[in-house]
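Only this structure's heavy atoms are used, side chains among them; waters, hydrogens and symmetry mates stay out. Chain A is the first sequence line, chain B the second, and so forth, proteins listed ahead of strands; every chain is numbered from 1.
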Number of protein chains: 2
Amino acid sequence: MRAVIPFKKNNAKSRLSSLLSGKEREEFALSMLRDVAGTLVSSECFSVIDILTTSLIDIEDVNIVLAGKGLNESLNEYLGKMASHSINEPVLIIMADIPLVSGKNLEDITASQSDVAIVPGRFGGTNAIFIRNPSSFHVDYYGQSFLKHCQIASCNGLVYEIFDSFNLSTDIDEADDLVEILIHGSGRAAGYLKSLGFGISDKNGRVGVKREKI
Amino acid sequence: MRAVIPFKKNNAKSRLSSLLSGKEREEFALSMLRDVAGTLVSSECFSVIDILTTSLIDIEDVNIVLAGKGLNESLNEYLGKMASHSINEPVLIIMADIPLVSGKNLEDITASQSDVAIVPGRFGGTNAIFIRNPSSFHVDYYGQSFLKHCQIASCNGLVYEIFDSFNLSTDIDEADDLVEILIHGSGRAAGYLKSLGFGISDKNGRVGVKREKI
């Protein structure tokens, strides 16, 4: 069984620009990737873990695969290559910005008996897809990708399930999302934010993040 | 096994004021409550379903219990009454604004082997708590209630688990949250929003809600 994580380092997480500098955003994105990759490695669910990345990075126990194209093109080329090399093992496509993912989540999703298991992200996105037969599926990210992926599965005659998980559905894109890492996270991404002085603010029962000078 | 849903109709969902009138917010809150209550009834997990409400409402197959006090006071009085009447059955406290809850979610959480199962909401909230022995626990909502509930369980010597579900963690408080109902919902709350002209907008890959005149 394989896993693949697409990753973009340059100008990563641009919607966090109001809180983090360009360098901090890259480091933060990398810390989330390390959390996700580390959980994949520890789970021992996968014989191969590939990171499809736009620039060289250094992460242990995974394969670094340079990919110059866009997200959809890179992933569909990846799936196509598996098919053309007759690699018929299941594959988990998982985003690099869901650092709350747990080992149990990975055990559960890879145990799915459906042809495809789709994990919704917030705002209609897709945070992970487990595909039993990679040659039978293609991805279409951006916008309402969750509904598009359900439709792709249906159109290809595949039985799909919607995988229900707060951990996996919590993608980190905007300032408000940092709250979830600070409350529920215990990995590198949480540690990195705390090292920068981030903490929880609680004004009149409205929880948010604040950054204090260190 | 019991379930209790706290509900406030007057000036419900005030953070949706920019999108919905006062009357619409009340009707919308009621439609979400009906989704949650309907799923509880259909699940057949519960012999008693109580709605703790600040004003009279009409919902089938549940008990309407008028409660004039605040959320914490009402729920803690409810738990206290169970204890004083020697009602030692488990209870699920579930919020009225999580209309995506499924029958499977209810089966899973009520099958928990822990003393307490706590469901996080977004921004540190708590969307549901399953308590095996109601006399052993009290609630403390508002602010970072998730962490407070974990601490209450620990301080009382209880084994707790964190219940991981996108459906249950998706509480509807703000304009952006309506996207989740429109994409993932199929009940009364989704129908009500659509009847008001709400739909998904998708500008440059950023998904939101729009309201069209009907």
Practice problem: Drop me the distance from A:Ser169's OG to B:His184's NE2, to the nearest 0.5 angstrom. | Solution: 7.5 Å

Self-check item: Winner by heavy-atom pair count (cut-off under 4.5 Å) against chain B, out of A:Gly124, A:Pro120, A:Gly143, A:Gly208
Solution: A:Gly143

Quiz item: Under 6.0 Å from the CD atom of A:Gln151, do we count more than 12 heavy atoms belonging to anything else shown?
Solution: no

Quiz item: Using non-hydrogen atoms only, which part of A:Val179 is less than 4.5 Å away from chain B: side chain, backbone, both, or neither?
Solution: side chain

Practice problem: Considering non-hydrogen atoms only, spot the tightest contact between B:Arg206 and A:Arg15 and give its length. | Solution: NE-NH1, 3.5 Å

Exercise. Heavy-atom pairs under 4.5 Å with chain A are the metric here; pick the option from B:Glu180, B:Lys203, B:Arg122 that has the most.
Key: B:Arg122

Quiz item: Rounded to the nearest 0.5 Å, how far does CG of A:Leu168 lie from OG of B:Ser165?
Solution: 11.5 Å

Quiz item: Does A:Asp164 use its side chain to pair, donor to acceptor, with the backbone of B:Asn167 at less than 3.5 Å?
Solution: yes

Exercise. Locate the shortest heavy-atom distance separating B:Phe123 from A:Ile183; write the atom from each residue and the value.
Key: C-CD1, 4.3 Å

Quiz item: So, for A:Gln144 and B:Asp202, which heavy atoms are closest and what is the spacing to 0.1 Å?
Solution: N-OD2, 3.6 Å

Quiz item: Which region of A:Phe163, side chain (C-beta onward) or backbone (N, CA, C, O), has a non-hydrogen atom less than 4.5 Å from a non-hydrogen atom of chain B, or is it both or neither?
Solution: neither

Quiz item: Given that the side chain runs from C-beta out, which part of A:Asp176 has a heavy atom under 4.5 Å from chain B: side chain, backbone, both or neither?
Solution: both

